Engineer: 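Below are the structure tokens for one structure; questions will follow.
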Amino acid sequence: MARMRVSAAAAAALFVAVVVASPLLASSQQPAMAPAAAAAPTNNSRLEKAYVALQALKRAITDDPKNLTHSWCGPEVCGYFGVYCAAAPDDPCARTVAGVDLNHGDLAGTLPEELGLLTDLAVFHLNSNRFCGSLPDSLRNLHRLHEIDVSNNHLSGSFPSQLLCLPDLKYVDLRFNNLCGEVPAAIFEKKIDALFINNNNFDFKLTESFSNSTASVIVLANLPKLGGCLPSSIGDMAETLNELVLLNSGISSCIPPEIGKLDKLTVLDLSFNGFAGALPETIGHMRALEQLNVAHNGLAGEIPDSICALPHLKNFTYSHNFFCGEPHRCLEVPHVDDRQNCIAGRPDQRSGEECIAFLHRPPVHCDAHGCIAPLSPPPPPPVHYAPPPPVY
């Protein structure tokens, strides 16, 4: 997935120059730190609050195997490992904490409410640690926050709705945690650039509001309780959407033909779901598409030739469906997987019995919203009335 860059404010820009351009604690070796800052003046309330917040975080850490917080002593917070300072956006003469990056630290503990004192924070990176509990409600005070990445932790509780209050938030990464419950529809109304909530226990359904998202990358994978239908309004996301990953998300749906409007999409993964019906020929209009995966569904019919003719298509996986034909052009795609279908003359296909049994199923019909329409009940049997008795 393309990694989003911080660009909202001068503080975030400084953080990119110092941190994002170099590996973020990819190993136990400490990366080069920002230039040492002068001692914080006693009248700098921003750094005084940051000191309170960071000391509270240090106390809440129960295990620090790489000794990352060893330098977190004294009031000079700009010298702490993983803490990055910059001029305050609203006061160039005042220094403030603009970023906290403790990625891959293997830290264990919880996240204290005092983190809400870091009101100038633009970047908050804590991925690949062992933090548990929920995200503090005080995060709603971080009105300059641009990126939050708390992926690959042990966080629990409901979706952190406090993130919806943050006006500058552009990058949300909550994947690989134990979060559960409903995902508010408002997250798809928010003007963010990337949303990663995969590999959690969220329980919600896709609705029409999904199509209101302006994100360029959306990953809702491995959410088996997701469900719902892929809305026909998905074409409304054409201006911004580059990558959409919905694999293994419990969706039972048709693939609406309007999906062909996503002409900027490069990655589309709908595998391991309950998609049924035909593969829309309109996918052949998605000229930027590079990777297409619809494996392990209930799709049938013929693979449209226009899809295999896409100029940038490098990987096309449609195995474990019930397709009965594919143009020869499809076999010229650099990486193609057509196993376990019903394509005559191709190796490793389903048995004849499986394919015949599938053909005898009732045909799939899709309603106007992209959902699989329920089968119409059979008409009632005709009513036969007994003839009246003869009249003498």
Side-chain angles (χ1 to χ4, degrees), residues 1-2 217-222 230 232 234-235 237-238 241-249 251-361 363-366 370 372:
M1 298 297 170
V217 179
I218 299 178
V219 181
L220 308 182
N222 297 317
L230 197 60
S232 56
I234 192 171
M237 307 168 79
L241 192 60
N242 298 133
E243 300 181 16
L244 177 61
V245 179
L246 300 175
L247 76 92
N248 191 30
S249 293
I251 299 175
S252 295
S253 171
C254 301
I255 302 178
E258 290 83 358
I259 201 169
K261 297 178 182 179
L262 302 178
D263 55 358
K264 294 181 176 64
L265 201 71
T266 60
V267 175
L268 177 61
D269 192 336
L270 305 178
S271 59
F272 291 90
N273 282 295
F275 286 102
L279 198 59
E281 189 172 356
T282 55
I283 294 179
H285 301 159
M286 301 164 66
R287 305 288 292 175
L289 199 61
E290 299 175 10
Q291 298 183 47
L292 174 60
N293 191 340
V294 295
H296 291 270
N297 281 289
L299 298 167
E302 302 229 356
I303 300 292
D305 182 80
S306 60
I307 296 178
C308 299
L310 288 170
H312 303 292
L313 190 63
K314 300 179 178 67
N315 193 321
F316 187 13
T317 303
Y318 47 95
S319 60
H320 294 86
N321 281 286
F322 294 90
F323 293 113
C324 60
E326 62 186 352
H328 186 269
R329 187 197 299 267
C330 293
L331 303 180
E332 299 173 357
V333 175
H335 299 282
V336 65
D337 187 352
D338 64 357
R339 294 171 298 148
Q340 292 299 298
N341 280 288
C342 300
I343 303 173
R346 292 292 298 161
D348 195 7
Q349 298 294 300
R350 295 182 185 272
S351 67
E353 291 80 4
E354 280 185 280
C355 295
I356 291 173
F358 179 82
L359 289 174
H360 283 84
R361 295 181 190 176
V364 171
H365 297 286
C366 307
I372 298 174

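Worth knowing before you read on, the calculation uses all heavy atoms, side chains too, and leaves out hydrogens, waters and symmetry mates. Treat the numbers as computed from the prediction; the structure is a model and nothing was measured.
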Engineer: Between Pro304 and Ile283, is any pair of side-chain heavy atoms under 4.5 Å apart?
Structural biologist: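 Result no, sub-4.5 Å side-chain heavy-atom pair not found.
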Engineer: Name the residue from Asn248, Val245, Leu246 that meets the side chain to side chain contact (heavy atoms under 4.5 Å, CB included) definition with Asn222.
Structural biologist: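 Going through the options one by one, the only one that passes is Asn248.
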Engineer: State the CD1-SG distance between Ile372 and Cys366, to the nearest 0.5 angstrom.
Structural biologist: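 So the CD1 of Ile372 and the SG of Cys366 are separated by 6.5 Å.
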Engineer: Can you measure from CZ (Phe322) to CD (Gln340) and round to the nearest 0.5 angstrom?
Structural biologist: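 Between Phe322 CZ and Gln340 CD, I get 9.5 Å after rounding to 0.5 Å.
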Engineer: Which residue pairs pass the side chain to side chain donor-acceptor pair (under 3.5 Å) test with at least one member in residues 279-291, sequence neighbours excluded?
Structural biologist: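 Listed by first then second residue: nothing to list.
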Engineer: Answer whether the closest heavy-atom distance between the side chains of Leu244 and Ile234 falls below 4.5 Å.
Structural biologist: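 Leu244 vs Ile234: side chains touch.
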Engineer: Per the side chain to side chain donor-acceptor pair (under 3.5 Å) rule, what does the pair list look like for residues 264-276, sequence neighbours excluded?
Structural biologist: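 The answer is Asp269-Ser271.
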Engineer: Do Leu268 and Met286 have side-chain heavy atoms sitting under 4.5 Å apart?
Structural biologist: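 Heavy-atom side-chain distance check passes, below 4.5 Å.
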Engineer: First locate atom CG of Leu247, then atom CG of Leu220, and finally report the distance between them rounded to the nearest 0.5 Å.
Structural biologist: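 Going from CG on Leu247 over to CG on Leu220, the span is 10.0 Å.
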Engineer: I need the Leu230 CG to Ser249 OG distance, nearest 0.5 Å.
Structural biologist: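 So the CG of Leu230 and the OG of Ser249 are separated by 11.0 Å.
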Engineer: Only pairs under 3.5 Å count here: list side-chain donor-acceptor contacts from residues 324-335, not counting sequence neighbours, and write none if there are none.
Structural biologist:
residue : atom : partner : partner atom : Å
Glu326  : OE1  : Tyr318  : OH           : 2.3
Glu326  : OE2  : Arg346  : NE           : 3.3
Arg329  : NE   : Asp305  : OD1          : 3.2
Arg329  : NE   : Asp305  : OD2          : 3.3
Arg329  : NH2  : Asp305  : OD2          : 3.4

Engineer: Say you draw a straight line from CD1 of Ile343 to CZ of Arg350; how long is it, rounded to the nearest 0.5 Å?
Structural biologist: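 Separation between the atoms: 11.0 Å.
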Engineer: Atom CD1 in Ile303, atom CG in Asn341: separation rounded to 0.5 Å?
Structural biologist: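 If we round to the nearest 0.5 Å, Ile303:CD1 and Asn341:CG are 7.0 Å apart.
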